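Everything on this sheet refers to the single structure shown next.
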Amino acid sequence: MRQNFRNWPVLLVLFVFSAPLLIMLTFLLVDAFTTKVPGTMVPSGVTLHHFRFLWTDLDNGSWGIWGVTLNTFNFALFTSLAVTAISVTAGYALSRLAFPARGFFLGGLIVLHAFPTVTLIIAIFLILQLLGLYNTLIGVIVVKAALELPFGIWVMKGFYDTVPWEIEMAGVQDGASRFTVWWKLILPQVQPGLMAILIFSFLSGWSEFILPMVLAPGNDAQVLSTYLATMLLDGGTQADFNLFKAVGLFYALPVIIIYLVFQNKLMNIYGGGTKG
Amino acid sequence: MRISIENFTKAFGTTTVIKDMSLEINSGEMLALLGPSGCGKSTTLFAICGIHRMNSGRLLFGERDVTRISSQQRNVGVVFQNYALYPHMNVFDNIAFPLKVRRDTRADIERKVKDIADLVHIGELLHRKPAELSGGQQQRVALARALVREPDILLLDEPLANLDAKLRLEMRSEIRRIQQQTGITAVLVTHDQVEAMSMCDRIAIMDQGKIMQLSSPKEMYEDPSSDFVAGFLGNPPIAFLEGVAAEGGMRLANSEVTLPVPAAINLPDHGAAVRFGIRPEFFQPDNDLKIKGRISFVETQGREELYDVTLENGSVLRSIQSQGGSFKLGDNVNWGIAGDRILAFDAAGNRL
């Protein structure tokens, strides 16, 4: 088949723009596994020494990589579960039910969606202190989930909007309660959206940095992003950059795997749901 | 089961769609709600099944007042215009859904689904998904799902609108057969007069939220109560002649021609406006009440030919004749109206 456009100019442009990223990623990979004489670019030997953080205590005050990883995992998982559960129900309500001030909620959702959340951080800090949730993982989860919600609800509402109204009415006529209709008939139709929200908010939680750093700076609630940051700060100019890169690789690995496994499902969010 | 709608009023916001409508549907009868779009026929249907709440009025199924009862408890089967099959379930699960909701036993469900699937002739499609079915098959599944829990009433919302012409003919008789075989009370909403006339025992013709006439298809065709009803039924449609009442009959507008009026019709006072409705089959070359005109349009329909005849005053009459006439476009003709079949209406459109 003859193509209307030649591919190579596009590929070239793409390559030029993504080259810096590629180079950085390559060096992340290479440096994590090799030793180098300072000042040179070519590695001098292969080593697993930089990954020592996996089996030894780095003695930097935190409670070890595995505890921090567990924290990160919990943080990402519970954030995404909360966001998904609430988005799936709230999106349905906004799409289907006529309740008071529905327009206000819809408008508010868009405003919050576009709102630079960092500006809220001092207020959130005060509220968490008041509630006694400052410096706890639960506190950060609550805040992160709340900030992720506008996006999740909006996407889910878009998915619900595409489900024909008649399917719901047919279910009601068949004798099913509104809840059964939602659970058995409507939810299966929006499952791609549900999966996308679940994965997206998990990834977003996994890579969150600002919120844990500001709201839970203590060691008990440390997550991988803050662990990395302290590693840099504590080391100062003496920081072990190869170690840093190894931890970074360890930190990025789940994200890469999740993307590879679920990339089709993630594309749904752009194809199926979002309207307006 | 008998359905009675008493003084039904429905408004959406400030727009009143249906005002003070009453309608009685007999047990085992198939009734058509016929009308142009926006006349309130679907609103009436959705009020019967409980999707729309009535603003005022009462709805009775048999002796039971169901006005305030939820859709789930009304035991009404509905076939929606786009069938509303559940896309993630196969045909069996689609049909079984109402039974599963009711918590029937597994054996009961299997038996009932089998029976109903055989009735609508989809026995061999039970494992397929809706997306793998043709329009006619989806229609049958929707019917089966609506009928499987033996509802008191079956409602059909434009069930044939999404089918192609040939399938429409087939499903028309199929739906009628299934309705008669089950003896269920059915209400059909349609804007297609042929569908309404061919499928139903009685037709309620609606316009602007009111029932204009309620009678059997034959009666409605031959004895319409207003010019709206006369104009809505019949294909090719009826032709109207405008004129005024005069000595010895109706004088056509802009013309000296006076048509004599059959004795059965009481004309208003001289000078009052009247309309004559003349169906194409009653305007033929050998009828007695002759009128002059020119053939302005010829349409070949196969078995029959349809002629438009423009009269000297500019009005148009239609004539449908069996194939074989030697008339051509532009011919001057002097054809006749069957005087006793003229339908006369007053200025407000009411039958005289």
Side-chain angles (χ1 to χ4, degrees), chain A residues 84 88-89 91-93 95-104 106 155-198 264-265 267-269 271-273 275, chain B residues 12-13 42 45-53 69-90 93-104 129-131 138 141-159 162:
Chain A
T84 310
V88 156
T89 40
Y92 179 79
S95 170
R96 285 296 202 270
L97 307 181
F99 55 90
R102 179 173 172 274
F104 169 78
L106 272 178
V155 169
M156 282 318 295
K157 180 194 170 290
F159 273 89
Y160 281 120
D161 284 346
T162 63
V163 178
W165 172 88
E166 282 89 353
I167 286 189
E168 205 157 334
M169 289 304 127
V172 168
Q173 290 305 324
D174 285 343
S177 66
R178 277 307 277 270
F179 181 80
T180 311
V181 167
W182 173 72
W183 182 252
K184 289 246 174 89
L185 302 181
I186 307 299
L187 213 50
Q189 323 282 332
V190 299
Q191 202 200 359
L194 188 147
M195 288 301 293
I197 298 290
L198 199 66
N264 288 333
K265 294 211 187 303
M267 288 327 256
N268 275 326
I269 213 165
K275 287 200 299 187
Chain B
F12 293 105
S42 291
L45 189 89
F46 289 143
I48 295 175
C49 69
I51 291 174
H52 289 335
R53 289 279 154 80
I69 285 179
S70 70
S71 294
Q72 286 94 336
Q73 267 121 48
R74 288 195 189 187
N75 201 20
V76 174
V78 185
V79 175
F80 290 88
Q81 184 173 350
N82 61 3
Y83 318 136
L85 299 180
Y86 311 135
H88 58 294
M89 298 181 180
N90 66 19
D93 290 331
N94 259 284
I95 301 174
F97 183 75
L99 302 177
K100 282 181 181 159
V101 165
R102 207 167 62 179
R103 299 184 191 288
D104 281 14
K129 285 275 175 69
Q138 290 186 29
V141 176
L143 255 175
R145 191 182 62 192
L147 288 171
V148 72
R149 60 187 178 135
E150 290 156 32
D152 300 324
I153 290 150
L154 176 66
L155 303 179
L156 303 142
D157 183 20
E158 308 242 10
N162 287 353

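Given the structure is predicted, the values throughout are model-derived calculations rather than measurements. In what follows, every chain begins at residue 1, and chains take the letters A, B, ... in the order their sequences are listed.
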Name the member of B/Ile51, B/Val78, B/Val148 that forms the most heavy-atom pairs with chain A at distances under 4.5 Å. B/Ile51
Considering all heavy atoms, the nearest B/Val79-B/Ala142 contact: CG2-O, 3.9 Å
Considering residues at least two apart in sequence or located in another chain, which fulfil the side chain to side chain contact (heavy atoms under 4.5 Å, CB included) criterion with B/Ala131? none
So which heavy atom on A/Ile167 is nearest to which on B/Ala84, and how close? N-CB, 3.9 Å
Go through it in stages, so that I can follow the logic: the residues are A/Leu194 and A/Phe159, the test is side-chain contact (heavy atoms from CB on, under 4.5 Å), and I'd like the CA-CA distance, side-chain angles, deciding distance and then a yes or no. CA-CA 9 Å; A/Leu194 188 147; A/Phe159 273 89; over 6 Å; no
Hey, what do you get for CG (B/Leu45) to CG (B/Leu155), rounding to the nearest 0.5 Å? 4.5 Å
Which heavy atom in B/Pro87 sits nearest to a heavy atom in B/Pro130, and how many Å separate them? O-CD, 3.9 Å
Report the donor-acceptor contacts between chain A and chain B below 3.5 Å as a table, one pair per row.
from: A/Glu166; atom 1: OE1; to: B/Asn82; atom 2: ND2; distance (Å): 3.3
from: A/Gly171; atom 1: N; to: B/Tyr86; atom 2: OH; distance (Å): 3.2
from: A/Gln173; atom 1: O; to: B/Arg149; atom 2: NH2; distance (Å): 2.4
from: A/Gln173; atom 1: NE2; to: B/Cys49; atom 2: O; distance (Å): 3.1
from: A/Asp174; atom 1: OD2; to: B/Tyr86; atom 2: OH; distance (Å): 2.7
from: A/Ala176; atom 1: O; to: B/Gln72; atom 2: NE2; distance (Å): 2.9
from: A/Lys184; atom 1: O; to: B/His88; atom 2: NE2; distance (Å): 2.9
from: A/Gln189; atom 1: NE2; to: B/His88; atom 2: ND1; distance (Å): 2.8

B/Leu85 versus chain A, the contacting section by heavy-atom distance below 4.5 Å: backbone
Give a yes or no on whether A/Phe104 atom CZ has more than 12 heavy-atom contacts from other residues, nucleotides or ligands under 6.0 Å away. no
